[in-house]
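As the structure is a prediction and not an experimental result, all values here were calculated from the model. Residue numbers count from 1 along this sequence.
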Amino acid sequence: MTVKHAAAILAHLQQTQVDLGVQHVKTHDTQMANAILDQLYSFEDLVFLTQLDMQKLLLKISDKSLVICLKKVSKPLGIKILSAMTKARARTIGEDLQQSEKMRVSEIDAIQLEILQEAYKLHQTQQITLRKKALEEKYL
């Protein structure tokens, strides 16, 4: 079975089952588990983080990296990222983004992957919860 096939199978399971599957693979092969996660989640999946989880992630990310990653994001994710930080930091990031130079798409992708890997670390230590879709909350 290839990494791509394993990720495709896990993508159809509930989040707890995905986590268990990845943890099981990780006990045997850490690189394989990371490769599966790379196929399973994309940077755009960060839009499904809760506001609190996004704030926790942003504490780990430098302003320079944020400016670079915001060059190539969907509007909903860009809004989610900027709204999860202080107004002062969002203003600074916005100004830096406007003044930033053009970059290769591959360089932006590399920074986005670094941020996604930081999100994996936080997820694995149960500080945040990565999802492939929006959390369906029930209200009573």
Is Q124 close to K26 at the side-chain level, that is, under 4.5 Å between some pair of heavy atoms?
yes
Any side-chain heavy-atom pair from I115 and F43 closer than 4.5 angstrom?
yes
Looking at M32 and V25, what are the two nearest heavy atoms and their distance?
CG-CG1, 3.6 Å
For atom NE2 of H28, decide whether the heavy atoms of other residues, nucleotides or ligands shown that lie under 6.0 angstrom number more than 12.
yes
Please name the pair of heavy atoms, one in I81 and one in M85, separated by the smallest distance, quoted to 0.1 Å.
O-CE, 3.6 Å
Does the side chain of K4 reach to within under 4.5 Å of the side chain of I36, using non-hydrogen atoms?
no
Whether E95 side chain and T92 backbone form a donor-acceptor pair below 3.5 Å:
no
Could you check whether any side-chain N or O of Q112 sits under 3.5 Å from a backbone N or O of C69, counting only pairs where one atom can act as donor and the other as acceptor?
yes
Taking the side chain as C-beta and beyond, is there a heavy-atom pair between L130 and D45 under 4.5 Å?
no
Enter the distance from I108:CD1 to L113:CG here, rounded to the nearest 0.5 Å.
14.0 Å
To the closest 0.5 Å, what do you measure between CD1 (I61) and CE (M54)?
10.0 Å
Applying salt bridge (Lys or Arg N to Asp or Glu O under 4.0 Å) as the test, list every pair that has at least one member in residues 62-90; sequence neighbours left out.
D63-R89, K72-D109
Just checking, any donor-acceptor pair under 3.5 angstrom between side chains of Q127 and K121?
no
Answer with yes or no whether the hydrophobic clustering places L20 together with I128; edges join I, L, V, M, F, W, Y residues whose side-chain heavy atoms lie under 4.5 Å apart.
no
If you measure from CZ on F48 to CG on D53, what distance do you get to the nearest 0.5 Å?
14.0 Å
Determine whether S65 and I68 satisfy the following criterion, side chain to side chain contact (heavy atoms under 4.5 Å, CB included), listing intermediate values before the conclusion.
CA-CA 5 Å; S65 292; I68 293 169; 5.7 Å; no
Note: L77 and V47 closest approach over all heavy atoms is CD1-N, 3.5 Å
Could you list the residues that satisfy side chain to side chain contact (heavy atoms under 4.5 Å, CB included) with Q55, not counting sequence neighbours?
Q51, L52, A84
Can you list the steps and then say if L49 with K56 is a side chain to side chain contact (heavy atoms under 4.5 Å, CB included)?
CA-CA 10 Å; L49 289 176; K56 289 176 184 178; over 6 Å; no
Please tell me if the side chains of L82 and I93 come closer than 4.5 Å, counting only heavy atoms from C-beta onward.
yes
Any donor-acceptor N/O pair, D96 side chain to V67 backbone, under 3.5 Å:
no
